Structures are given as C-alpha cells and as structure tokens.
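Scroll down for the structure; my scribbles are underneath it.
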2 protein chains.
Amino acid sequence: MELNNYISVDCVIFGFDGERLKVLLVDRTLSEGSTSFTDLTLTGNHVYENEPLDAAADRVLFELTGLTNIYLEQFKTFAHPDRLTKENDIKWLQHDGRDPFQRIVSVGYFALLATDQVTLEWKGRNVQWVPVDEVGELAFDHNLILESALLSLRNKIIHEPIGFELLPQKFTLSQVQKVYEIILDTEFDKRNFRKKVARMKYLIPLDEKQKGVAHKPAQLYMFSRDVYGNTKKDLLNFIV
Amino acid sequence: MELNNYISVDCVIFGFDGERLKVLLVDRTLSEGSTSFTDLTLTGNHVYENEPLDAAADRVLFELTGLTNIYLEQFKTFAHPDRLTKENDIKWLQHDGRDPFQRIVSVGYFALLATDQVTLEWKGRNVQWVPVDEVGELAFDHNLILESALLSLRNKIIHEPIGFELLPQKFTLSQVQKVYEIILDTEFDKRNFRKKVARMKYLIPLDEKQKGVAHKPAQLYMFSRDVYGNTKKDLLNFIV
DNA sequence: GCAAAAGTGTTCGGAGTACACCCATGT
DNA sequence: ACATGGGTGTACTCCGAACACTTTTGC
C-alpha cells in the first residue's frame with residue numbers, strides 16, 4: 001500500500017474530562033545540525049492511494065485510541081497555497097524527505113470522545129491532551145484548523161445532540177450541562193436545563209446512581225442514538 | 001499560471017425561478033472514433049497552483065454568471081479512489097489529455113442565486129438549469145455530490161436565513177414561503193408563516209408593491225444581511 | 001455537623017399551531 | 001363579474017426564562 005503524498009487528513013480530536021474541553025496534540029521535535037525545535041501538531045496523516053478519506057480518518061483515530069465507532073465528522077478542507085510555508089514546517093518536511101513546495105490538501109475531521117481510554121504514544125511521538133483555551137502556536141496551519149473545528153463543533157452542538165459523545169457511556173445530568181456550558185461558553189439555569197433535558201426521550205435514566213461521591217449521588221443516564229434517530233424532527237426554525 | 005492537476009472544485013449552483021429549485025449543469029459531449037455520448041456534469045474546474053480554494057470556486061461562479069458576491073459555501077470534499085472510474089469518465093479524461101488513474105480531490109461548494117442573470121454558455125459548452133428532482137445520471141460522482149449538497153442546503157436553511165439568497169433582491173412573502181416549502185418539502189400555514197417572518201427584523205418591507213399582476217399586488221421586501229448579523233442569537237436549541 | 005453537589009415548582013411572556021374569510025388587481 | 005393570489009386575528013398549548021430551598025452522601 002502506497003501513501004498518496006498530496007492528500008492528508010487532519011483529525012481534531014476533542015476530549016472532555018469532566019472539567020474542560022481538550023484537544024489531542026502530538027509533539028514534533030526536530031534537532032538536526034544547527035536547527036532544533038519542539039512544538040505541537042494536530043494528529044493527521046496522509047491517505048493511502050486506495051483508501052477513502054473517512055477510512056483514513058478512522059485509521060488515524062484508531063491508531064491513537066485503539067477505539068472504533070468514535071464520533072467523527074468531516075468539517076472542512078484546507079488547501080491554501082501557503083499553508084505549509086513557515087520556516088520550521090519547511091525544515092520538518094525536508095527532514096522527513098518530503099517536498100515542502102508540493103501543495104498538500106488536508107481534509108479536516110473532528111472527533112469527540114471522553115478523555116479516558118487514550119494511548120498516549122503514537123508512532124514513537126509523545127501525545128498529550130491540551131485544554132483548547134491553552135493551545136499555543138501550532139505547526140503548519142493547525143491553529144486555523146483547530147479554530148475552524150471549534151466553530152463547527154459549536155455550530156453543530158446547538159442543533160444536534162452530540163454533546164453526549166464527549167461523556168462516558170453513563171453520565172449525570174450535571175455533566176451534560178457542563179459540556180454544553182463549556183462548549184457554548186455560557187451558563188444555564190439548572191432547573192430549566194433539566195426540564196429541557198427531560199423532554200429528550202433519547203436520554204435514558206438508568207437504574208443506577210453515582211457511587212463514592214461526597215454528596216448526594218446523582219442519577220446516571222445513557223444516550224440512545226437509536227431513540228434519537230427515531231424521534232427527531234427538524235422543521236422550520238430559522239433563528240430571529 | 002499553472003493548473004494543479006489533482007485538486008478541483010465542483011460548484012453545485014442552485015437557482016430558484018419562483019416555482020422550482022434547479023441546479024446548473026453543463027453538457028459533456030464526446031464523439032471520437034467509435035465512442036460518442038452526451039451527458040451532464042456539475043460546474044467545476046481545477047484550481048491554479050497559487051489559488052486558494054474559495055477563490056477557485058468564486059472564479060468558476062464568475063465565469064458562469066458574471067456575478068460576484070454570490071452566496072457560496074464549501075460543504076464537503078470528495079476523494080474516493082473510484083470516483084472517476086466509470087467508462088465514459090475514463091474516455092472523457094483521456095480525450096482531454098488527463099490521466100484517468102490519477103486520484104483527484106474535489107472540494108464541493110454550493111451556491112445560491114435567482115435563476116435570472118445567468119450566462120448560458122461556458123467555455124463553449126452548453127449550460128442549462130435542471131430541476132433538482134429531474135436530474136438523471138450525471139458524469140463522475142456528481143450525483144453523489146449533488147445529493148450531499150442538497151442535504152447541506154436543507155440542513156443549513158433550517159438554522160440560518162439563507163433562503164433569501166435564492167430570490168431576487170426585492171421579493172414577496174409568498175415567494176419566501178415557497179422557497180422554504182420547496183427546499184424542505186413541506187407546507188406552511190400562510191398566517192403562521194407570516195407571523196414568524198414578521199419577527200425577523202432583517203426582513204425589511206419596502207415602499208413598493210408588485211406591478212402588473214392580475215391580483216392584489218403584494219408588498220415587496222428585501223433581506224438585510226447587516227441587520228441579521230447584528231441581531232442574530234444562537235443558543236441552546238438542540239432538537240427533541 | 002458540615003461541605004458539596006443533587007434535585008425540585010411556579011409564574012410570566014412569547015412562540016407554535018390550527019383554522020376561514022375579505023381585498024385589490026387584471027382581464 | 002370573476003379569477004387570482006394577497007392579506008389578516010383568535011384561542012390554546014407549550015416552551016423559555018427567572019428565581020431559592022431541601023436532600024443525600026462522605027468525611
């Protein structure tokens with residue numbers, strides 16, 4: 001299997017740890033002669049010649065997490081002629097034996113998962129969760145891609161119930177509220193939020209409560225993608 | 001300026017003529033020796049080496065319509081390894097001097113405009129409006145791209161006021177209603193629809209009425225993108 | 001017993017939905 | 001005068017927003 005050297009996928013992998021929204025980044029270290037630097041990149045890779053884009057994104061995600069069936073969505077494609085022309089990027093590509101002046105199309109995907117269950121090594125490189133509001137300057141045009149992914153995520157989470165993808169299988173209503181508050185950078189009234197959530201038939205209360213917490217244990221819920229698929233309705237709702 | 005031979009943009013140009021939703025298609029005729037066929041393609045083109053994707057899409061649109069400032073949105077990228085392997089597609093590419101086994105990434109854009117004001121010729125090829133529900137088998141993977149564009153359009157028009165982009169600058173409320181009914185394949189009650197629309201401050205009534213119609217002339221309105229930008233709010237609204 | 005988060009009800013205003021008739025114009 | 005689409009109001013229900021106190025657990 002041969003890699004296509006001008007098509008790549010970049011995965012913006014979002015994770016929620018109960019407190020903050022984070023993104024999975026990979027160290028990029030080059031030290032060769034007089035040049036030496038370390039910075040961070042999004043996770044991504046070139047696609048194989050006979051590989052569809054979605055499959056390539058799935059593959060990257062699987063290599064990093066060992067997980068399949070992760071929420072993954074293509075959100076935008078980046079191919080600006082100057083997207084790889086920062087000094088360090090050119091050195092990195094040359095060191096890697098690639099032509100830095102070859103134009104590379106990068107198809108952006110974002111993924112949602114809970115921050116547990118993730119391998120913190122990838123192809124010998126160090127992998128880390130970084131809170132999205134503490135991300136510094138990234139390699140290539142990855143700041144742009146991350147910003148764009150965040151926008152798409154915010155836009156989508158308003159209209160579709162994908163917030164649950166960032167939580168463990170069993171979760172509490174307070175956790176749901178926190179996910180929405182953090183992603184949308186706002187606060188909701190607890191009672192109103194719970195009334196809203198109570199109307200969602202795809203949020204299923206379990207016969208189970210939190211354990212070992214130093215306060216009244218919360219009811220646990222799960223999200224049913226099936227029930228959502230069967231009950232959703234979308235109609236005219238264009239915003240005033 | 002040199003064309004990049006593996007990156008292209010395809011524009012799904014939607015038009016509304018007051019009655020139906022249409023898409024702009026281009027004839028593709030090949031007659032060479034024993035093979036000869038005519039079919040239709042979406043409008044698209046390769047990008048220039050130093051040209052950003054959005055600029056390429058704008059350029060295609062400008063060449064076809066002579067218009068700038070058209071609503072244009074990147075919606076999805078297509079790069080399946082088999083996307084150009086139908087028999088006619090291979091012949092067409094070979095005739096055009098291109099390598100049919102080169103993998104080509106196509107970045108999909110959709111555009112919205114009213115069906116007047118369009119040049120019906122493009123690079124010597126015939127251009128035509130076809131109602132979206134009467135589109136037959138298209139070249140390449142263009143049926144897939146069209147379906148995907150329609151999905152994106154439906155999805156977007158529910159949440160954002162882009163229906164007006166399909167109407168002339170001055171329009172009536174009945175025309176607005178028709179656009180939404182046709183794209184969403186539903187019907188709305190006239191009084192309720194108008195009450196809803198009355199709340200949208202970005203729909204501005206003009207001091208002008210229809211003329212020359214054989215019924216009570218309708219009030220004309222215009223859409224103000226500025227007012228929309230200033231008054232829109234998006235909050236938690238995930239659908240039950 | 002105290003700290004910490006869970007859980008719960010009411011009121012008000014505004015939006016969604018269902019529904020039927022008169023009006024202004026061209027021919 | 002008639003055909004055509006334009007334009008309007010009411011009643012009911014449901015949702016969104018504002019707002020404060022009690023409960024259960026671990027320590």
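This one's a predicted model, so the numbers in the text were calculated from it and none came from an experiment. Letters go in sequence order (proteins before strands), and every chain restarts at 1.
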Minimum heavy-atom separation for B:Phe110 and B:Ser152, please, with both atom names. CE2-CB, 3.9 Å
Under the rule for side chain to side chain donor-acceptor pair (under 3.5 Å), what residues qualify as partners of [X], not counting sequence neighbours?
X	result
B:Thr38	B:Thr29
B:Gln219	none
A:Glu147	none

Under 4.0 Å from OP1 or OP2 of C:dA15: is there any side-chain N or O of B:Lys196 that close? no
Check the distance between [N]'s [atom2] and [X]'s [atom1] and give it to me in whole angstrom.
X	N	atom1	atom2	result
A:Arg194	D:dA17	CZ	P	17 Å
B:Gln175	D:dG6	CD	C1'	12 Å
B:Phe188	D:dG7	CZ	C1'	19 Å
B:Lys178	D:dG6	NZ	C1'	14 Å

For A:Ser106, side-chain contact (heavy atoms from CB on, under 4.5 Å) partners two or more places apart: A:Ser8, A:Asp10, A:Arg83
According to salt bridge (Lys or Arg N to Asp or Glu O under 4.0 Å), does anything in residues 177-187 of chain A pair up with another residue at least two apart or in another chain? List the pairs. A:Glu19-A:Lys178
Residues that A:Phe16 engages under ring-ring contact (aromatic ring centres under 6.0 Å, His included), provided they are two or more places apart: none
List in chain and number order the residues that pass ring-ring contact (aromatic ring centres under 6.0 Å, His included) with A:Phe223, two or more places apart in sequence or in another chain; answer none if no residue qualifies. A:Phe164, A:Tyr202
Below 3.5 Å between N/O atoms, which protein atoms pair up with nucleotides 2-5 of chain D? Just atom names and distances, please.
| residue | atom | partner | partner atom | Å |
| --- | --- | --- | --- | --- |
| D:dT4 | O2 | B:Ala214 | O | 3.2 |

Below 3.5 Å between N/O atoms, which protein atoms pair up with nucleotides 9-12 of chain D? Just atom names and distances, please.
| residue | atom | partner | partner atom | Å |
| --- | --- | --- | --- | --- |
| D:dT10 | O4 | B:Lys195 | NZ | 2.8 |

